[in-house]
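What follows is one structure encoded as structure tokens, with my remarks underneath.
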Amino acid sequence: MALSTQPYKGARDFYPEDKRLQKYMFSRLREVVERFGYEEYDAPILEPLEIYLAKTGEEIVNEQTYVFEDRGGRKVVIRPEMTPTVSRMVAAKRQELAYPLRWYSIPNLWRYERPQRGRLREHWQLNVDIFGVKDTSAELEIITLVDALFKAFGASRSMYDIRLNHRQLMNYLLHDYLALNEKAVHDISKLIDRMNKMERRDFISKVDALLSPEQRENGTNERLLSILDAKQLGDLPAEALSQPATIELKSVIGQLNNAGISNARFDPTLMRGFDYYTGVVFEVFDTDPENNRSMTGGGRYDGLVGLFGVEPVPTVGFGWGDITLANFLESHRLLPALKPETDVYLVLVGDVSQAAQKLLADLREQAVNVAVDLSGRKIGDQFKTAEKKGLTYVLIVGEAELSQQQYKLKNLETGEEETHSLGQIVSLVKDYRNNPT
RNA sequence: GCGGGUGUAGCUCAGCUGGUUAGAGCGUCGGGUUGUGGUUCCGAAGGCCGUGGGUUCAAGUCCCAUCACUCGCCCCA
């Protein structure tokens with residue numbers, strides 16, 4: 001029985017061309033978040049089980065995480081998300097950190113579930129958090145940063161929508177304004193979350209099923225629908241407009257719009273992460289109907305650091321998975337042609353591999369990435385190898401070239417071949433690296 | 001956990017109502033002579049038709065089971 005060559009279910013092998021794409025995405029992400037003053041951190045991929053139990057339901061931990069016991073009898077989880085970890089790290093140094101604290105990471109995360117489009121068992125996720133800012137300037141910065149990320153990938157604002165809501169506003173509307181009890185608030189919130197996936201008629205009847213007879217009589221369902229149909233905050237009932245949450249949300253959206261982020265808007269059906277968000281929440285959707293999904297999102301969660309027994313630290317953050325990002329870039333054709341890191345492929349003519357060592361060393365000394373063909377095959381075959389590797393430049397080196405210290409540099413894309421000195425070759429190749437055409 | 005789809009060459013797939021030695025394109029390898037790739041020409045290799053069982057004179061094709069992959073649902077921290 002032969003061994004299978006498939007990677008583990010729901011996980012990916014990154015062949016060089018895949019890794020190249022990942023490196024491109026990650027370096028863009030790093031560039032932009034660092035431009036906003038965020039610093040990179042990291043942590044172990046394993047965490048003790050408890051930190052997830054404290055925050056989320058047991059069901060999720062038991063059924064959707066990789067849990068095992070180590071040799072010392074400790075319950076261990078392969079991290080399914082970064083938020084508990086970063087909260088733990090902040091809590092550990094609560095007193096000595098410099099706030100506002102701006103941190104980011106691109107961790108590899110695992111969850112145990114059936115793989116489907118856009119969701120595997122393993123993924124990488126950009127996590128960006130700002131700690132220690134109570135007012136909405138934190139939300140404003142984070143969402144501005146998300147918008148800057150899209151711009152850095154070449155996306156225009158027509159390609160994505162930024163939808164915002166506020167946890168406390170929804171709480172007010174459902175609990176106080178509509179006078180729903182706690183259970184109904186919870187169940188109806190779950191329904192609202194799925195509202196766009198079902199027929200309106202189904203939604204109405206499912207809501208009805210959760211209402212008391214009096215509520216069915218007094219038009220609760222109609223009032224709920226009119227809230228959910230609101231296109232902007234001004235469409236909400238007058239009582240809601242004076243709520244602090246409404247004022248916060250209005251301020252954030254207004255400032256975003258003023259800054260030119262015109263695709264940010266209120267969406268009362270956005271429920272995201274009902275469990276632990278405490279304030280503004282947001283999600284960014286692909287406007288392409290083929291890929292109309294949430295790509296990234298986040299919000300304010302002021303309570304998590306406090307779970308570690310220290311004074312709470314107000315926090316706003318978001319996460320963006322590599323798979324949804326890659327899907328977005330592909331569907332909008334925003335991926336540039338990515339080339340290998342190798343600048344030059346050295347083709348040896350005849351038995352000159354010893355004699356070419358000095359040349360190789362000189363090129364590398366000048367920071368040129370050079371791979372040499374060691375096969376000893378015919379030149380044509382060596383060219384084919386370079387071609388197949390996707391390389392642009394081939395340097396032809398035989399006895400004549402070595403003795404004259406003039407080498408033939410061929411561009412495989414244009415077919416042009418010229419004879420140059422080492423110094424000229426270095427600058428030509430570096431020019432191309434910095435500005436490929 | 002529930003439901004749908006698909007398993008034939010390295011890849012993408014074709015094989016109609018069951019009927020001799022299982023096909024194509026791409027890719028791979030060799031060749032068109034000795035210092036030049038991509039286009040072209042000639043040639044070759046490569047398949048237990050996912051696996052096990054059943055029906056039949058006969059199974060890639062029909063039936064059952066099983067495994068894998070895949071798309072949804074649930075869930076989504």
Side-chain angles (χ1 to χ4, degrees), chain A residues 1-2 4-12 15 47 49 51-66 77-87 107 109-121 123 125 127 189-191 193-194 197-198 271-277 281 283 293-299 301 303-304 307 317-319 321 323-324 345-352 373 376-402 407-419:
Chain A
M1 182 78 179
S4 169
T5 56
Q6 283 181 343
Y8 174 72
K9 184 185 183 75
R12 297 164 289 172
Y15 286 88
E47 286 282 357
L49 176 62
I51 79 168
Y52 300 98
L53 290 180
K55 186 191 137 226
T56 54
E58 285 214 29
E59 187 184 321
I60 287 170
V61 173
N62 289 336
E63 291 178 9
Q64 299 202 9
T65 58
Y66 284 85
V77 172
I78 303 179
R79 65 185 174 202
E81 60 162 332
M82 202 58 169
T83 307
T85 299
V86 71
S87 300
L109 308 173
W110 290 76
R111 53 195 167 200
Y112 193 84
E113 64 177 353
R114 293 194 68 154
Q116 54 192 281
R117 177 174 158 74
R119 284 190 86 187
L120 301 177
R121 289 183 166 184
H123 74 141
Q125 188 184 63
N127 270 256
S189 297
K190 294 274 178 193
L191 272 181
D193 199 28
R194 289 188 297 149
K197 288 185 182 175
M198 62 176 90
M271 295 310 290
R272 183 179 180 81
F274 191 66
D275 294 356
Y276 69 93
Y277 285 105
V281 291
E283 258 178 60
R293 292 179 309 151
S294 163
M295 291 178 289
T296 168
Y301 43 100
L304 283 186
L307 290 179
F318 73 95
I323 301 170
T324 49
Y345 197 68
L346 204 63
V347 163
L348 300 180
V349 185
D351 187 16
V352 294
D373 191 299
R377 289 175 306 163
K378 292 188 295 190
I379 298 190
D381 290 333
Q382 297 188 46
F383 267 75
K384 279 185 193 169
T385 303
E387 167 81 19
K388 195 169 174 182
K389 287 177 185 293
L391 303 181
T392 300
Y393 282 112
V394 166
L395 193 61
I396 298 117
V397 177
E399 281 175 26
E401 286 82 359
L402 286 167
Y407 313 91
K408 289 181 186 167
L409 183 69
K410 180 158 183 170
N411 182 320
L412 290 181
E413 284 165 22
T414 62
E416 287 168 21
E417 180 175 303
E418 289 172 351
T419 301

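All heavy atoms count here, side chains included; hydrogens, waters and symmetry mates do not. Quantities reported herein were computed from a predicted structural model and do not represent experimental measurements.
- Nucleotide B/C2: paired with B/G72 (Watson-Crick or G-U wobble, both distances less than 3.5 Å).
- Taking atom NZ of A/K384 as the reference point, atom P of B/C29 lies 8 Å away to the nearest angstrom.
- Atom-to-atom, OH of A/Y8 to P of B/C69 comes out at 10 Å; the value is rounded to the nearest Å.
- Distance noted for atom C1' between B/G47 and B/G7: 14 Å (whole Å).
- Between B/C64 and B/U6, the distance separating the two P atoms is 14 Å to the nearest Å.
- Not a single donor-acceptor contact under 3.5 angstrom links the side-chain atoms of A/R114 to the base of B/C74.
- With distances taken from any side-chain atom of A/K388 to the nucleotides B/U28, B/C69, B/C76, the minimum falls on B/U28.
- Base pairing analysis places B/A58 opposite nothing; no Watson-Crick or G-U wobble pair with both distances below 3.5 Å involves it.
- When rounded to the nearest whole Å, the span between CD of A/Q116 and C1' of B/G3 equals 13 Å.
- When all heavy atoms are compared, the tightest approach of A/L348 to A/D373 is CD1-O, 3.9 Å.
- Note: OH (A/Y112) to P (B/G1) measures 8 Å, nearest angstrom.
- For B/U36, its base sits under 3.5 Å from the side chain of A/E417 at one donor and acceptor pair at least.
- On the C1' atoms, B/C69 is 40 Å away from B/G31, given to the nearest whole Å.
- Of the listed nucleotides (B/G32, B/C74, B/A77), B/G32 has the atom at the smallest distance from the side chain of A/K378.
- In this structure, A/E399 contributes its side chain and A/V352 its backbone to no donor-acceptor pair below 3.5 Å.
- Heavy-atom minimum distance, A/G317 versus A/Y301: N-CE2, 3.9 Å.
- One N or O on the side chain of A/T296 and one on the backbone of A/G319 form a donor-acceptor pair closer than 3.5 Å.
- Straight-line distance between the P atoms of B/A9 and B/A65: roughly 25 Å, to the nearest whole Å.
- Under the Watson-Crick or G-U wobble criterion, with both distances below 3.5 Å, B/U66 is paired with B/G50.
- Closest to the side chain of A/A400, out of B/G35, B/G38, B/G72, is B/G35.
- Within the shown strands, B/U28 is the pairing partner of B/A44 under the Watson-Crick or G-U definition, both distances less than 3.5 Å.
- Across B/U33 and B/A24, the matching P atoms stand 28 Å from one another, rounded to whole Å.
- Here, B/A14 and B/G38 have their P atoms 31 Å apart, quoted to the whole Å.
- Considering only the side chain of A/Q6, B/A68 comes nearest among B/A77, B/G35, B/A68.
- Here the closest non-hydrogen pair linking A/V394 and A/A386 is CG2-CB, 3.6 Å.
- When the C1' atom is used for both B/C26 and B/U39, the distance is 15 Å, rounded to whole Å.
- Between A/Y8 and A/W110, the ring planes lie tilted relative to each other; the angle falls in the 30° to 60° range.
- Straight-line distance from the CG atom of A/L395 to the C1' atom of B/G35: 14 Å, rounded to whole Å.
- Base pairing analysis places B/A77 opposite nothing; no Watson-Crick or G-U wobble pair with both distances below 3.5 Å involves it.
- Nucleic acid contact class of A/Q125 (heavy atoms, under 4.0 Å, all strands): none.
- Using a 4.0 Å heavy-atom cutoff across all strands shown, A/G319 reaches no nucleic acid atom at all.
- Checking B/G35, B/G38, B/C76 against the side-chain heavy atoms of A/E387 singles out B/G38 as nearest.
- Heavy atoms of A/E413 sit under 4.0 angstrom from at least one base atom.
- The nearest whole Å value for the distance from the CD atom in A/E113 to the C1' atom in B/A77 is 11 Å.
- At whole-Å resolution of the value, NZ in A/K389 and P in B/G37 are 18 Å apart.
- Figure legend. B/G35 is base-paired to no nucleotide; pairs are counted as Watson-Crick or G-U wobble with both atom distances under 3.5 Å.
- On the C1' atoms, B/G32 is 15 Å away from B/A44, given to the nearest whole Å.
- What you find for A/R121 and A/K9 is that their closest heavy atoms are CD-O, 3.3 Å.
- Each of A/K9 and A/R119 was assigned the nucleotide of RNA chain B with the nearest heavy atom; the assignment lying further toward the 5' end belongs to A/K9.
- The partner of B/G18, taking Watson-Crick or G-U wobble pairs whose two distances both stay under 3.5 Å, does not exist in any strand shown.
- Residue A/E413 qualifies as enclosed at atom CD: its count of foreign heavy atoms under 6.0 Å is above 12.
- Straight-line distance from the CD atom of A/E416 to the P atom of B/G38: 19 Å, rounded to whole Å.
- A/R79 comes within 4.0 angstrom of no nucleic acid atom, judged by non-hydrogen atoms across all strands.
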